[in-house]
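The structure under discussion appears below in the form of structure tokens.
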Amino acid sequence: MKPRYLLPLTLLSASAAFADPHGYWPLDENAGTVAPNLVPGGTDGALVNGATWVADAQRGQVLEFDGVDGYVNAGTIPALGTGDDFSWSFWVNNAQGTTSNVVVGNRYSPTTGVDFSPREFVKFTTNQFEWHRNGAGENIDYADIPNGVWLHQATTKNGTLEVAYRNGLAIGSTVITQGTNNAQPLYFGGDQTNENWQGRLDDVATWSHGLDAQEMVQLARGVSPLEVQSIPYNSVQLADVFDGAALDAGNWTATDRGLENNAPVGYDSPLVSGGQVTLGGTTSNQYWFGSSIESNQRFSSEIATEISVDRVSLEGSGTAYRSSLWILGDNDHYIHFSQDIGENGWQFNANDVGGAGTLNPTGGGNNLSIFDAIDGDGGLHEMAIRAVPTGNPGEMNFELLVDGILGGVHSVTNFPSDYQVVLTGQARATGDSVSAVFDNLRVASIPEPSRALLIAFGALGIALRRRR
């Protein structure tokens, strides 16, 4: 018997898509050497040597590994190319300290007991998600899994982007350049009798698609892998197609906000014409002053929300210029998503003063290499930020998308309780010019605000019950 959180009825809608697992091993048996896979046709796990069922005070029945020769053989995962999606998820209680041993995954070929040629494997250790292909690793480093504490660990692969999560919060990512050539063994607790790990596992699951941040949060809050689902952002909080004769003063305030400086430097006033808004002009100072419009409405950090806008065009002259979509809590807390022609292309800046999410808050920012091919394309692109709270105060995941393609995920841990949406045109240095044209701004949440408390209660497990 183990605790689990029921998904609130408000989430169980026909428009939501359940994320059917590729494999799911609850690991809640009392005896025997079989760990059933609840996915029809899936491979059951076979317990070998020192893998034993135990009653855990927090999780109920779980599987314990001795760190000597115990493991579970749970079949395989397919070869994964750069265009393939996949996800791994499990609850873990470490008893071995920092180690490169296999918690979930593999190290060697199952038939030879030595490396594939060229070397490739996929494994979770206590301090890395290791992706090896063609004899080299493209890994995600994360903080050590501590001893004696249950936590939720997961990684999602969306094409070439791999993101690691812990307790629903993104903790690292990498962009891979090559896939694996062979189906990889899936072991729990060691690669057969190699690299054996000591600790406890529960609720191991895999998916043949990349889970989003919403789904990762649900898993970390105790939703069963059979019930986790992606829910549409369909409750519109703000929409503006900029079809008036001037900026809608009810929705927006024009400001001089830039990434590095806020002051008048000769930019043009925001221009609404032809159903679009243009931000920019020529700057008389440096660096990165801006012409912005900031939403008068503030949006709750406790509700999963998608902010999207059509960046119609970006033009300019001089050393560098950019168009930006921000989520702005305050001057010390923001995510700034931009295309910067002349300096680093598609990128983001993050400030999380007092938290763990500050990462290049000004200047060139953090490159989103998935979009490198369109770094210099100033044409029409949809920009979007999905703000996904974990349910813990101040914790947010920000998913960054261009034309519906996920380019990066960044997390913060000390974000304010609400925020504004900002659009900006910026030029870098004195005499540089910029013209950033936007249309079709939309802020939509899940679910509608009247249900926000139910989402929060569901995330915190108010509907706690026990399975089996």
Side-chain angles (χ1 to χ4, degrees), residues 11 156 158 161 163 165 167-171 173 211-218 220-221 230-240 294-309 324-338 347-359 361 365-366 368 382-402 404-424 441-449 451-453 455-456 458-460:
L11 298 186
T156 182
N158 289 277
L161 178 66
V163 183
Y165 291 82
N167 294 334
L169 190 70
I171 57 171
S173 66
L211 298 182
D212 60 25
Q214 273 190 50
E215 294 164 314
M216 287 297 185
V217 169
Q218 290 172 37
R221 294 297 149 197
S230 183
I231 309 155
Y233 297 89
N234 56 13
S235 179
V236 177
Q237 308 303 304
L238 173 64
D240 199 334
E294 304 183 13
S295 67
N296 297 329
Q297 184 176 350
R298 297 187 68 89
F299 304 94
S300 174
S301 298
E302 297 178 356
I303 303 174
T305 302
E306 180 183 73
I307 301 93
S308 62
V309 68
S324 310
L325 169 65
W326 309 47
I327 288 180
L328 177 68
D330 55 40
N331 290 339
D332 293 327
H333 301 88
Y334 55 78
I335 186 86
H336 171 269
F337 180 28
S338 66
Q347 60 187 285
F348 72 92
N349 304 82
N351 207 9
D352 185 34
V353 173
T358 296
L359 191 61
N366 308 284
L368 296 168
E382 182 193 64
M383 303 174 67
I385 303 174
R386 292 174 181 162
V388 183
T390 68
N392 295 321
E395 286 189 356
M396 299 274 286
N397 294 304
F398 296 113
E399 297 180 311
L400 307 173
L401 303 96
V402 175
I405 297 172
L406 183 66
V409 182
H410 183 71
S411 64
V412 293
T413 61
N414 192 40
F415 214 69
S417 61
D418 58 13
Y419 56 85
Q420 295 169 278
V421 171
V422 182
L423 301 177
T424 309
L441 184 284
R442 180 177 181 266
V443 180
S445 65
I446 171 67
E448 52 266 62
R451 297 180 183 175
L453 286 179
I455 275 283
L460 293 172

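Heads up: numbering here begins at 1 and tracks the sequence.
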**OP:** Specify the closest pair of heavy atoms between Met216 and Thr156, including all atoms of both residues, with the distance to one decimal.
**Re:** CE-CB, 3.7 Å
**OP:** List the steps and the verdict of side chain to side chain contact (heavy atoms under 4.5 Å, CB included) for Leu400 and Ile385.
**Re:** CA-CA 5 Å; Leu400 307 173; Ile385 303 174; 3.9 Å; yes
Original post:
Atom CD1 in Ile307, atom CG in Leu238: separation rounded to 0.5 Å?
Top reply: 10.0 Å
Original post:
Got a second to check how far Ile327's CD1 is from Phe299's CZ, nearest 0.5 Å?
Top reply: 10.0 Å
Subject >> Euclidean distance, Ile446 CD1 relative to Ile303 CD1, rounded to 0.5 Å >> reply: 10.0 Å
Original post:
Going from CG on Asn351 to CZ on Phe415, what distance comes out if it is rounded to the nearest 0.5 angstrom?
Top reply: 9.5 Å
**OP:** For residues Thr390 and Arg221, determine if any side-chain heavy atom of one lies less than 4.5 Å from a side-chain heavy atom of the other.
**Re:** yes
Subject >> Backbone of Pro361 reached by a side-chain donor or acceptor of Tyr334 within 3.5 Å >> reply: yes
Original post:
Quick one: does Ser445's side chain get under 4.5 Å of Ser235's, heavy atoms only?
Top reply: yes
**OP:** Report yes if the side chains of Ile231 and Gln218 come closer than 4.5 Å at any heavy-atom pair, otherwise no.
**Re:** yes
Original post:
Do Leu359 and Phe348 have side-chain heavy atoms sitting under 4.5 Å apart?
Top reply: yes
Original post:
Checking Ser324 side chain against Phe337 main chain: does a donor-acceptor pair fall under 3.5 Å?
Top reply: no
Subject >> Pairs touching residues 405-415 that satisfy salt bridge (charged side-chain N to carboxylate O under 4.0 Å, His left out), sequence neighbours left out >> reply: none
**OP:** Please name the pair of heavy atoms, one in Ser301 and one in Tyr419, separated by the smallest distance, quoted to 0.1 Å.
**Re:** OG-CD2, 3.5 Å
**OP:** Indicate yes or no: at least one non-hydrogen side-chain atom of Leu423 is less than 4.5 angstrom from one of Leu325.
**Re:** yes
Original post:
Could you state the interatomic distance from CD (Glu302) to CE (Met396), rounded to the nearest 0.5 Å?
Top reply: 9.5 Å
Subject >> Least distance between heavy atoms, Ser230 atom then Asp212 atom >> reply: OG-OD2, 2.8 Å
Original post:
Which atom pair, heavy atoms only, marks the closest approach of Ala387 to Pro389?
Top reply: O-CD, 3.7 Å
**OP:** Not counting sequence neighbours, list each pair that qualifies as a salt bridge (charged side-chain N to carboxylate O under 4.0 Å, His left out) and has a residue in residues 413-422.
**Re:** Arg298-Asp418
**OP:** List the atom of Ala350, the atom of Ile335, and the distance in Å for their closest heavy-atom pair.
**Re:** CB-CD1, 4.0 Å
**OP:** Indicate the atoms forming the closest heavy-atom contact of Asn397 with Gly168, along with that distance.
**Re:** ND2-O, 2.8 Å
Original post:
If you measure from CD on Glu294 to OG1 on Thr424, what distance do you get to the nearest 0.5 Å?
Top reply: 7.5 Å
Subject >> Pairwise side-chain contact, Glu306 with Glu399, heavy-atom cut-off 4.5 Å (strictly under) >> reply: no
Original post:
How about Tyr165 and Glu215: do any of their side-chain heavy atoms sit closer than 4.5 Å?
Top reply: no
Original post:
Side chain of Asn414, backbone of Asp352: donor and acceptor closer than 3.5 Å?
Top reply: no
Do any side-chain atoms of residues 406-413 form donor-acceptor pairs under 3.5 angstrom with protein atoms, and if so which ones, sequence neighbours left out?
residue	atom	partner	partner atom	Å
His410	NE2	Gly357	O	2.6
Ser411	OG	Ala170	O	2.6
Thr413	OG1	Ala356	N	2.8

